[in-house]
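Below: the structure, in structure tokens.
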Amino acid sequence: MSRAMALAPNGESTIEESPLLLAPGLDSGSPRSPDAAPRSLDASITWACLASGALMCLAPLQYGYHIAELNTPKGIITTCDKDAAHWASLPLCLPMNDAMFSLATSMFAVGGLLGSLSAGWMAERWGRRGALAYNSTSFALGPLLMAFAMSPAMLVVGRFVSGIGSGVAVVIAPLYLSEIAPVNYRGTLNLLNQLSIVLGILVTLVIGMLANEGPYWRLSVGFGLVLACLHLSVIAFAVESPRYLWSRNRRAEATRILRKLRQTANVDDE
């Protein structure tokens with residue numbers, strides 16, 4: 001309640017406003033000043049919010065890329081075409097049976113499990129943006145091992161390392177999107193996560209079709225290195241999660257970033 005009983009001089013009871021009983025953020029019914037800044041709780045998705053989310057979603061895009069990177073070139077990876085162009089320094093193919101190829105494929109999931117389990121610690125240790133920046137190491141090392149694989153074992157290890165990076169990405173990216181999104185649009189902004197994964201799958205299938213000959217499968221599995229370098233070069237332009245900054249008592253910085261994301265100075269409600 002926002003009113004209290006008071007005793008008038010003539011002995012009659014009257015009702016007066018009591019500021020101590022007002023709920024935080026509410027007034028006694030007076031109209032809002034027309035010059036007051038819009039509340040951040042009423043904000044929609046701004047371009048600053050969308051841009052930061054899109055930059056961070058290059059991480060789940062790489063997850064999508066690595067999911068399907070072995071689908072198209074399986075035949076030329078496991079069976080050598082003696083008539084195809086040959087790179088003298090690297091084997092033309094990596095002969096293996098179906099069981100070994102299945103192991104290479106499934107090690108991605110094993111790495112993903114380990115990555116997802118460590119993602120929470122990384123997000124709290126280095127922040128959401130910092131964790132995904134460090135995670136680019138896995139996304140870069142995995143494709144390097146696969147592109148320069150001299151044996152099936154190197155391919156397996158490369159898939160495992162890429163899986164670690166993917167596990168971290170699919171945990172932290174949705175968390176980041178939820179923390180920068182306006183309250184009423186968290187589900188909408190999180191569509192970027194799934195869209196990025198699907199786009200990554202599309203990219204790897206297209207590149208796999210174009211490089212499905214001779215030794216060019218190495219370009220297909222190595223293209224993940226390009227994506228990792230691209231993400232690392234642009235991630236600095238994304239803002240850190242204001243919720244993470246607030247939890248670390250960096251409140252002035254958190255307020256400044258939240259005002260940038262909401263395009264309003266009135267962010268006290270959040």
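Atoms considered below: every heavy atom in the structure, side chains included; atoms not considered: hydrogens, waters and symmetry mates.
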(message) According to ring pair (Phe, Tyr, Trp, His ring centres under 6.0 Å), who are the partners of Tyr176, at least two apart in sequence or on a separate chain?
(response) none
(request) Using the test ring pair (Phe, Tyr, Trp, His ring centres under 6.0 Å), find all partners of Trp121 that sit at least two apart in sequence or belong to another chain. (result) Trp126
With a 3.5 Å distance limit and no angle check, can you tell me whether [X] reaches the backbone of [Y] through a side-chain donor-acceptor pair?
{"X": "Gln62", "Y": "Ser166", "result": "no"}
{"X": "Ser247", "Y": "Tyr244", "result": "yes"}
{"X": "Ser162", "Y": "Arg159", "result": "no"}
{"X": "Thr46", "Y": "Arg262", "result": "no"}
{"X": "Arg129", "Y": "Ala238", "result": "yes"}

(request) Evaluate side chain to side chain contact (heavy atoms under 4.5 Å, CB included) for Val156 paired with Phe160, printing each intermediate quantity in order. (result) CA-CA 6 Å; Val156 171; Phe160 175 76; 5.6 Å; no
State, with a plain yes or no, whether a side-chain heavy atom of [X] is found less than 4.5 Å away from one of [Y].
{"X": "Ser116", "Y": "Val170", "value": "no"}
{"X": "Leu230", "Y": "Ser233", "value": "yes"}
{"X": "Asn249", "Y": "Arg251", "value": "yes"}
{"X": "Val157", "Y": "Met107", "value": "no"}
{"X": "Phe108", "Y": "His66", "value": "yes"}
{"X": "Phe101", "Y": "Leu70", "value": "yes"}
{"X": "Phe223", "Y": "Val203", "value": "yes"}
{"X": "Trp217", "Y": "Thr78", "value": "no"}

Where is the tightest heavy-atom contact between [X] and [Y], given as atom of each residue plus distance?
{"X": "Leu175", "Y": "Ala123", "result": "CD2-CB, 4.5 Å"}
{"X": "Ala149", "Y": "Pro91", "result": "O-CD, 4.1 Å"}
{"X": "Met122", "Y": "Val168", "result": "SD-CG2, 3.9 Å"}
{"X": "Cys49", "Y": "Pro182", "result": "SG-CD, 4.3 Å"}
{"X": "Leu145", "Y": "Met154", "result": "O-CE, 3.8 Å"}
{"X": "Ile257", "Y": "Glu240", "result": "CG2-O, 3.7 Å"}

Separation of [Y] [atom2] from [X] [atom1] (nearest 0.5 Å):
{"X": "Ile235", "Y": "Leu58", "atom1": "CD1", "atom2": "CG", "answer": "8.5 Å"}
{"X": "Ser52", "Y": "Arg128", "atom1": "OG", "atom2": "CZ", "answer": "14.5 Å"}
{"X": "Ile45", "Y": "Leu50", "atom1": "CD1", "atom2": "CG", "answer": "7.0 Å"}
{"X": "Tyr65", "Y": "Ser196", "atom1": "OH", "atom2": "OG", "answer": "16.0 Å"}
{"X": "Leu177", "Y": "Asn190", "atom1": "CG", "atom2": "CG", "answer": "5.0 Å"}
{"X": "Cys57", "Y": "Tyr63", "atom1": "SG", "atom2": "OH", "answer": "14.0 Å"}

(message) Counting neighbours of CZ on Arg248 that are heavy atoms of other residues, nucleotides or ligands and sit closer than 6.0 Å, is the number greater than 12?
(response) yes
In one Ile/Leu/Val/Met/Phe/Trp/Tyr side-chain cluster, 4.5 Å: [X], [Y]:
{"X": "Phe139", "Y": "Ile201", "value": "no"}
{"X": "Val226", "Y": "Ile207", "value": "yes"}
{"X": "Leu232", "Y": "Leu227", "value": "no"}
{"X": "Ile180", "Y": "Leu61", "value": "no"}
{"X": "Leu261", "Y": "Leu55", "value": "no"}

(message) Please identify which of these residues, Thr105, Thr79, Asp98, meets the side chain to side chain contact (heavy atoms under 4.5 Å, CB included) condition with Lys74.
(response)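 The passing option is Asp98.
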(request) List the steps, then state whether side chain to side chain contact (heavy atoms under 4.5 Å, CB included) holds for Ile76 with Asn212. (result) CA-CA 7 Å; Ile76 59 175; Asn212 194 24; 3.5 Å; yes
(message) My understanding is that only residues two or more places apart in sequence, or in another chain, count here; which of them pass side chain to side chain contact (heavy atoms under 4.5 Å, CB included) with Leu202?
(response) Leu199, Val206
(message) Is there a side chain to side chain contact (heavy atoms under 4.5 Å, CB included) between Met96 and Ile77? Walk through the geometry before answering.
(response) CA-CA 9 Å; Met96 65 184 90; Ile77 292 176; 4.2 Å; yes
